[in-house]
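Working notes for the structure below.
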Amino acid sequence: ETEARLGRQYIVLDNQRWVGNFPWRQRHATFEAAGITTGVLGGLDVYYGYVDRFNTPIRTSLDSRSHLLNVSHDVPGWGRLSGYGYYVDLTESDRLSCFTSGLRFVGERRLADELDLLYEVEVAHQVDAADNPDDRDATYFLVDVGARHRGARYTLGVEVLGGDGTPGGAIQAPFGRKVYFNGWANVFALTPDTGLRDVSAKVVLPLRELEVELQAHDFRADSGGARY
C-alpha cells in the first residue's frame with residue numbers, strides 16, 4: 001500500500017521526539033509538505049517527506065527546505081525497529097538547522113497473566129546543517145523500561161540530549177514534540193548549551209474512562225553537572 005500527500009498536513013513519525021504535530025495546545029503544528037508512505041519494499045515501511053514551510057503552534061511560520069526519511073520494520077514477538085535521517089533546513093532560523101540520524105526500538109513482552117514488560121531504546125547523532133553558523137556534533141540516547149499490569153503502566157527512563165557547553169552545540173528538535181518529553185512546563189523548548197539529562201519515573205493509572213498520569217523528573221546538565 002502506498003499513500004502520497006501534498007499540501008498542509010500533520011506529520012507524525014515514531015514517538016514525535018523529532019517530528020510531530022505538538023498535540024498539547026489547541027493549535028497544532030502543521031507542515032506544508034509533500035510526502036509519500038509505502039509498505040511495498042519487502043516488509044519495510046518507508047516514509048519520505050519534503051517540507052517547504054513549518055507552522056508552529058505559537059502562530060509563527062518558518063520557511064523550510066527540509067528532507068525527512070524514516071524506515072521501520074516489525075520484529076515479530078519483540079517490537080518495532082526504526083531508522084531515520086532528518087535534514088532540517090530552516091532558512092529563517094539558521095541556528096536550528098541540523099541533520100539527525102538514529103535508530104529506535106520499542107516493544108513489549110508478556111511475562112505473566114496481565115503483566116507485560118515494556119521497553120524503548122533509541123540512539124541518535126546530530127550535526128549542524130545548511131547555513132547553521134554553530135559547530136554541533138552531539139549525541140542523543142533514550143532508555144525506558146517499565147511494566148503494564150491490569151491497565152496501569154509504570155516506567156523508569158533516562159534521556160540525554162548531548163551538549164558540551166559550546167554555544168549552539170546542544171541537541172535540538174525543531175520539528176519535535178517537546179512538552180511531552182522534558183516536563184509539561186515547556187522550560188526546555190530549546191536545549192541548554194550544556195545539554196540535558198532527564199531521569200524520570202512515570203505512572204499511568206486507569207480511572208474509569210480516564211487516565212491519570214504522574215511524572216517525576218530529575219533534570220541535570222549533560223556537561224558541567226548543573227541541576228535545573
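For the numbers below, each heavy atom of this structure counts, side chains included, while hydrogens, waters and symmetry mates do not. One is the number of the first residue; the rest follow in order along the sequence. Treat the numbers as computed from the prediction; the structure is a model and nothing was measured.
The side-chain heavy atoms of Asn15 and Tyr180, taken from C-beta on, include no pair separated by under 4.5 Å. Using a 4.5 Å heavy-atom threshold, the side chains of Arg80 and Arg104 count as separate. Contact of the Arg65 side chain with the Tyr50 side chain is registered, since non-hydrogen atoms from C-beta on lie closer than 4.5 Å.
Side-chain N/O atoms of Asn55 and Thr30 include a donor and acceptor closer than 3.5 Å. No hydrogens or angles considered: a donor-acceptor pair under 3.5 Å links the side chains of Asp164 and Thr166. In summary, the side chains of Thr2 and Thr38 do present a donor paired with an acceptor at a separation below 3.5 Å, with no hydrogens or angles considered.
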(request) Test Phe31 against Val19 for side-chain contact (heavy atoms from CB on, under 4.5 Å), laying out the working first. (result) CA-CA 10 Å; Phe31 300 81; Val19 182; 4.1 Å; yes

(request) Under the side-chain contact (heavy atoms from CB on, under 4.5 Å) rule, what do Ser72 and Asn70 come out as? Steps first, then yes or no, please. (result) CA-CA 7 Å; Ser72 59; Asn70 184 289; 4.2 Å; yes

(message) With side-chain contact (heavy atoms from CB on, under 4.5 Å) as the criterion, how do Phe175 and Leu68 come out once you've worked through the C-alpha distance, each side chain's angles and the decisive distance to 0.1 Å?
(response) CA-CA 11 Å; Phe175 288 168; Leu68 310 175; 4.2 Å; yes

(message) For Val46 and Leu69: C-alpha separation, side-chain torsions, deciding distance, then whether side-chain contact (heavy atoms from CB on, under 4.5 Å) applies.
(response) CA-CA 7 Å; Val46 180; Leu69 177 65; 4.2 Å; yes

(message) Using the rule given for salt bridge (Lys or Arg N to Asp or Glu O under 4.0 Å), can you reason through Glu122 versus Arg17, listing the C-alpha separation, both sets of side-chain angles and the distance that settles it, and then say yes or no?
(response) CA-CA 11 Å; Glu122 184 170 355; Arg17 168 34 102 186; over 6 Å; no

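Counting only distance, with no hydrogens or angles, the side chain of Gln172 and the backbone of Thr191 share a donor-acceptor pair below 3.5 Å. Within the 3.5 Å criterion, the main-chain N or O of Val51 finds a donor-acceptor partner in the side chain of Ser64.
Connection of Leu96 to Tyr87 is not established within any shared hydrophobic cluster, with ILVMFWY side chains joined at heavy-atom distances below 4.5 Å, either directly or through further cluster members. Following chains of ILVMFWY side-chain contacts shorter than 4.5 Å, one cannot reach Val127 starting from Leu161, and the two form parts of different hydrophobic clusters. Cluster membership check: Leu142 does not share its hydrophobic cluster with Tyr119, using side-chain heavy-atom separations under 4.5 Å among Ile, Leu, Val, Met, Phe, Trp and Tyr. Residues Ile11 and Phe99 are members of separate hydrophobic clusters, defined by side-chain heavy-atom contacts under 4.5 angstrom among Ile, Leu, Val, Met, Phe, Trp and Tyr. Under a hydrophobic clustering in which Ile, Leu, Val, Met, Phe, Trp and Tyr are joined whenever their side-chain heavy atoms come within less than 4.5 Å, directly or via other members, Val204 and Leu210 fall into different clusters.
In terms of the salt bridge (Lys or Arg N to Asp or Glu O under 4.0 Å) criterion, residue partners of Arg220 (sequence neighbours excluded) are, by chain and number, Asp218.
More than 12 heavy atoms of other residues, nucleotides or ligands sit less than 6.0 Å from atom CD of Glu213.
Pro174 and Phe22 make their closest contact through O-CZ, 4.2 Å (heavy atoms, listed as atom of the first residue, atom of the second, distance). Considering every non-hydrogen atom in both Gly168 and Asp134, the closest pair reads CA-OD2, 3.5 Å. Scanning both residues, Tyr84 and Val123, for their nearest heavy atoms gives OH-O, 4.1 Å. Taking each heavy atom of Asn132 and Ser97 in turn, the nearest pair found is ND2-O, 2.8 Å. Contact between Arg150 and Pro206 at its shortest, heavy atoms only, is O-CG, 4.2 Å. Here the closest heavy-atom approach between residue Gly169 and residue Arg136 is recorded as O-CG, 3.5 Å.
Applying the ring-ring contact (aromatic ring centres under 6.0 Å, His included) test to pairs two or more places apart or on separate chains, those with a residue in residues 202-228 are Phe188-Phe219, Phe188-Tyr228, His217-Phe219. Screening residues 137-163 for ring-ring contact (aromatic ring centres under 6.0 Å, His included) gives Trp18-Tyr140 as the qualifying pairs, with residues at least two apart or on separate chains.
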